[in-house]
> 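Submitted below is the structure of interest, expressed as structure tokens.
These values consider heavy atoms only, across backbone and side chains, with no hydrogens, waters or symmetry-generated copies. Every chain is numbered from 1, with letters handed out A, B, ... down the list of sequences. Please read these numbers as outputs of a predicted model, since none were measured by experiment.
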There are 2 protein chains.
Amino acid sequence: MDQISRPRPVIRIDLPSPSGLQRLGRGKITLLEHIRETGSISAAGRAMDMSYRRAWLLVSAVNAMFGEEAVTSQRGGKQGGGAMVTPFGEALIARFRAMEEKALSAMAEDIAWLEAQRAGLKDPAPPS
Amino acid sequence: MDQISRPRPVIRIDLPSPSGLQRLGRGKITLLEHIRETGSISAAGRAMDMSYRRAWLLVSAVNAMFGEEAVTSQRGGKQGGGAMVTPFGEALIARFRAMEEKALSAMAEDIAWLEAQRAGLKDPAPPS
């Protein structure tokens with residue numbers, strides 16, 4: 001079976017709150033990683049094919065989830081502001097990526113079972 | 001902190017296929033469980049506030065994911081047809097629920113860390 005057709009586990013953490021369900025998943029964490037690399041919310045958004053507005057809303061959502069901010073940003077200035085992942089944001093990224101690895105390894109046998117059940121499919125993946 | 005505000009991990013399995021990404025998550029699995037209980041796709045859909053059409057599409061999606069069908073159904077007849085979870089469908093339900101438990105337990109320490117980071121929030125949960 002082709003690599004492209006392998007089952008991929010995805011995790012997300014739902015955080016119930018008075019203002020509704022908050023969701024922490026790989027989208028927001030990947031955005032934080034891009035902000036860390038680029039120092040900019042808009043550049044991070046572009047790297048993910050996302051409007052500045054959408055990226056900004058996601059950052060605001062993460063910042064509202066916990067007692068500390070994951071990203072600090074400044075508006076304006078010659079460089080059009082800038083954004084930085086805080087030490088708490090770094091800890092959040094590291095935790096989330098560690099959780100993904102732990103979940104993946106805990107489910108490895110079941111993922112293999114799921115994959116085996118797909119063997120009966122005709123053409124499960126395009127020829128590579 | 002109130003029970004309602006505890007972080008809840010959610011898992012999903014993405015299955016890349018030639019016709020696009022197929023997703024197996026708790027929505028489809030819960031639907032299978034309702035079909036098992038009710039013997040009917042429409043009743044299972046109603047239990048989840050879902051139209052018959054949507055429930056039927058989700059069942060078709062699950063049936064197309066693997067080499068075997070998870071649900072068999074008949075149209076028409078006096079009872080308006082009926083639906084049954086196959087032995088493969090039962091295995092799929094059991095696997096998915098087991099995966100959820102394994103992932104939860106593998107991530108337990110990190111979930112507790114996330115929860116602790118929310119302690120600084122004002123009013124993280126409505127009073128119960």
> Going by heavy atoms in the side chains, are A/Phe96 and B/Leu114 under 4.5 Å from each other?
no
> Answer yes or no: are there more than 12 heavy-atom neighbours, outside B/Glu101 itself, under 6.0 Å from its atom CD?
no
> Given side chains that start at C-beta, do those of B/Val10 and A/Ile13 come closer than 4.5 Å, heavy atoms only?
no
> So what's closer than 4.5 Å to chain A heavy atoms on B/Ala64: side chain, backbone, both or neither?
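Just its backbone gets close to chain A.
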> Got a sec: does the CH2 of B/Trp56 have more than 12 other heavy atoms crowding it under 6.0 Å?
no
> To the closest 0.5 Å, what do you measure between CG (B/Asp110) and CE (A/Met99)?
5.0 Å
> To check you understand the geometry: which heavy-atom pair defines the closest contact between B/Ala103 and A/Met107, and what is its length?
CB-SD, 4.1 Å
> If we only count heavy atoms from C-beta on, is the B/Arg118 to A/Gln22 side-chain gap below 4.5 Å?
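Sidechains of A/Gln22 and B/Arg118: in contact.
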> Output yes when a side-chain donor or acceptor of B/Arg8 lies under 3.5 Å from a complementary backbone atom of A/Leu15, and no otherwise.
no
> Let's test your reading of the structure: which of B/Arg95, B/Glu100, B/Arg23 forms the most heavy-atom pairs below 4.5 Å with chain A?
B/Arg95
> Using heavy-atom distances under 4.5 Å, tell me whether A/Leu21 contacts chain B through its side chain, its backbone, both, or neither.
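Just the side chain, heavy atoms under 4.5 Å.
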> If we define contacts as heavy-atom pairs under 4.5 Å, which of A/Glu109, A/Glu68, A/Met65 has the most with chain B?
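Most pairs with chain B among the choices: A/Met65.
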> Look at atom CZ of A/Arg97 and say whether more than 12 heavy atoms of other residues, nucleotides or ligands are closer to it than 6.0 Å.
yes
> For the CD atom of A/Gln117 and the CZ atom of B/Phe88, what is their distance to the nearest 0.5 Å?
5.0 Å
> Counting only heavy atoms not in B/Met84, do more than 12 fall under 6.0 Å of its CE?
no
> Should B/Asp14 and A/Arg12 count as an ion pair when the cut-off is N to O under 4.0 Å?
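A/Arg12 and B/Asp14: not salt-bridged.
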> Report yes or no: do A/Leu104 and A/Ile11 belong to one cluster of Ile/Leu/Val/Met/Phe/Trp/Tyr joined by side chain heavy-atom distances under 4.5 Å?
no
